[in-house]
There are 2 protein chains.
Amino acid sequence: MQKQPTIRDVAAAAGVSVAVVSRVLNPGSGPVAAATRGRVSDVMETLGYHPRTAARELKHGPPTTLGLLLADVSNPFFARLADQVVQEAHSRGIQVLLMTTQEDDQLESERLATLIERRVSGIIATPTGNNLDTWKKLQDMGTDVVFVDRSIPALPAVDVVTINNTESARSATALMAAHGHRRIAIISGPASSTTGRDRIAGYREALDAAGLEQDELLIRSAAFRGAAGGDATTALLSLEDPPTALVVANTAQVTAVLRRLAHAGISIPEELSVIVFEDSPWTELMTPPLTIVRQPIDLLARHSVRLALSNPSGKTSGKPTVVRVDAELIERSSVSRPKPRP
Amino acid sequence: MQKQPTIRDVAAAAGVSVAVVSRVLNPGSGPVAAATRGRVSDVMETLGYHPRTAARELKHGPPTTLGLLLADVSNPFFARLADQVVQEAHSRGIQVLLMTTQEDDQLESERLATLIERRVSGIIATPTGNNLDTWKKLQDMGTDVVFVDRSIPALPAVDVVTINNTESARSATALMAAHGHRRIAIISGPASSTTGRDRIAGYREALDAAGLEQDELLIRSAAFRGAAGGDATTALLSLEDPPTALVVANTAQVTAVLRRLAHAGISIPEELSVIVFEDSPWTELMTPPLTIVRQPIDLLARHSVRLALSNPSGKTSGKPTVVRVDAELIERSSVSRPKPRP
DNA sequence: TTGTAGGCGTTATCAG
DNA sequence: CTGATAACGCCTACAA
């Protein structure tokens, strides 16, 4: 436990002033004789000197830290997003402060408070939907806020990066219809989320386009956390006129739904055709391999980081950017024609 | 884009000195009249004042940030670890800086450098195995270093939290032997990792205990990244006397191995009994449901955070702590008696 | 090319 | 109880 050398120690040991040391620390900030630079560098090395970030940040609020506020990193979708965001940020010399909300307003509020105190230059978040005033305040402070995966309609001034949810749900539903299904159910995120709403909208559009009747009983919302997906599944299966096809558009509930189906002894796709919004390697290993909607997580991450770093200091006050990337429908073997009804 | 109020602005607006404001900010640091406190609090509220972390850190190096240095967050094991670590840290008012190494020495070195500059109070890491001098330096500086999941034997002074790898591999192997298998293969992490070594050691012990012959051809190492698991699988299958049982002890390679098995048309468990080190919900949904070794990630996280925060300032210089938690063998349906050889 | 001095926002010490 | 004031470690004009 040795106390850290400061810039002053280095200066003294090298027989120069702190200004010179500072200049070799920040190339381009001023001229330094080559000989001097070498000597100072050597001293820093032998002393084991490392400039202290906290002191640097105190001067000019630095775009060196970025907050990543996700619902939950145990969800593979968010985990991969976090992975990509961290890599992308690192490649630009930016550090990432990771926080989770558990979809809880209150926790989100606390996290945002510490993000404010840390004066991060940007925040990439999957917002719960509340704390509107705090989000606004963050923007007022000049923080670059980027919502990823979801958005908050009441906050139209924020940059957003999402997949094209409407189109994704539409194409998945359309595929079911093309296979001859007339009773197509969907389990989606809560209607309070833009993601949930958009996907249900796409679902409805596909039904309309196929001339299919809409049955509200076939539309189920399930929270992003908990086991609501299983209950929704049970409810659908016990309908008087149960669906022959199911689109699981809530990534967080995919395994819960499949577990319930397995438990109920439903065979896929003979008794029920299934498409899931999920891109785990496991989907391919299932029996049968699942038809999926793959979300381009790397693109989400790349755009998010770019936007969160685009306004180096202060907002360009232009319109907010909205990036919408396309998901990919990957057909495998969990969709077939419906079994003729007796 | 408004510039942030400082403690001085608050003091001025409230008609008090900065010292008083500082005291209401840090309760317990000194006496403040109730009336004054209220007035100051109000002013802080209306001005939207938030103390700046960077300035605070400049004073006394604060145990308010913790570095989490993982190989890769897209790996569900690490993702869940990150999730738990973040939650545990948050519950103690600590923030987490997330970094990844991609198992690359060089990247690890860079990450460690920025961690040093930030003067984090503690680091939880899955070390690549190199950068020994930097790890030592970190400890000299008083940083609490905790290795999780793996360790570095050459660095015996570091706290370590792992599962009981030897025992886990032994019990998995023993289960295979108990089912009558005599040709049991294992795919493990690289022999350069403690994790890989320990698991292979446990495997050998189980074989000895069962009186089974050891065949080096049945022991395969695969890197933590890439598709080496698939190749190892192919190699095992094409052996003259192929195994009837396989323990996949490298979490990162589980899906790669299963994909290869599926591709080769190997049926589980009829042609090959399988146990995997993995705890994804998907393992239960496979056909057949996989027998797994479940790692108690929550315990790993809890202990890691505790240790990383245990030496508030400066090391207690006691012996390093080694926590070894037990994994759980969960029997499902991917293990059966070997098919009698023709 | 190098040195001096002041300030960034907060906390801590010591008088009032 | 409250108020000046000196650090904390680094950067940056401005001088030399």
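Proteins get letters first, then strands, A, B, ... in listed order; numbering begins at 1 in each.
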Least distance between heavy atoms, [X] atom then [Y] atom:
| X | Y | value |
| --- | --- | --- |
| A/Asn75 | A/Phe77 | OD1-N, 2.8 Å |
| A/Leu300 | A/Val325 | CD2-CG2, 3.7 Å |
| A/Arg8 | A/Val18 | CG-CG1, 3.6 Å |

Under 4.5 Å between any side-chain heavy atoms of A/Thr53 and B/Glu57, yes or no?
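Side chain of A/Thr53 against side chain of B/Glu57, heavy atoms only: no contact under 4.5 Å found.
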Nearest-nucleotide wise, let me know which of A/Val20 and B/His50 is further upstream toward the 5' end of DNA chain C.
A/Val20
Nearest whole angstrom, please: distance from the [atom2] of [N] to the [atom1] of [X].
| X | N | atom1 | atom2 | value |
| --- | --- | --- | --- | --- |
| B/Arg52 | D/dC8 | CZ | C1' | 14 Å |
| A/Asn26 | D/dC10 | CG | C1' | 9 Å |
| A/Met44 | D/dG9 | CE | P | 17 Å |
| A/Gln4 | D/dG9 | CD | C1' | 12 Å |
| A/Glu57 | D/dC11 | CD | P | 12 Å |
| A/Tyr49 | D/dG9 | OH | C1' | 7 Å |

Pairs under 3.5 angstrom, nitrogen or oxygen only, protein versus nucleotides 5-7 of chain D, please.
residue : atom : partner : partner atom : Å
D/dA7   : N3   : B/Lys59 : NZ           : 3.0

What does [X] touch in the nucleic acid at a heavy-atom separation under 4.0 angstrom: a base, only the sugar-phosphate, or nothing?
| X | result |
| --- | --- |
| B/Val32 | sugar-phosphate |
| A/Ser29 | nothing |
| B/Thr6 | sugar-phosphate |

With [X] as reference, evaluate [options] under the side chain to side chain contact (heavy atoms under 4.5 Å, CB included) test and give the passing residue.
| X | options | answer |
| --- | --- | --- |
| B/Val148 | B/Val305, B/Thr126, B/Leu307 | B/Thr126 |
| B/Val323 | B/Val161, B/Asp159, B/Ile163 | B/Val161 |
| B/Val40 | B/Val32, B/Val10, B/Leu25 | B/Val10 |

When you check the side-chain N and O atoms of B/Thr65 and A/Arg118, is any donor under 3.5 Å from an acceptor?
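Distance-only check passes for B/Thr65 and A/Arg118.
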D/dG3 base to B/Arg23 side chain: any donor-acceptor pair below 3.5 Å?
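Looking at the base of D/dG3, it does pair with a donor or acceptor on the side chain of B/Arg23 (distance under 3.5 Å).
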Under 4.0 Å between a side-chain N or O of A/Arg56 and OP1 or OP2 of D/dG9?
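False: A/Arg56 side-chain N/O out of range (4.0 Å or more) of D/dG9 OP1/OP2.
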Give the C-alpha distance, both sets of side-chain angles, the deciding distance and a yes or no for side chain to side chain contact (heavy atoms under 4.5 Å, CB included) between A/Met141 and B/Gln4.
CA-CA 7 Å; A/Met141 291 173 53; B/Gln4 295 301 301; 2.9 Å; yes
Under 4.0 Å from a heavy atom of chain B: give me the 5'-most and 3'-most nucleotides of DNA chain C that qualify.
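Under 4.0 Å from chain B, the extent on DNA chain C is C/dG9 to C/dA12.
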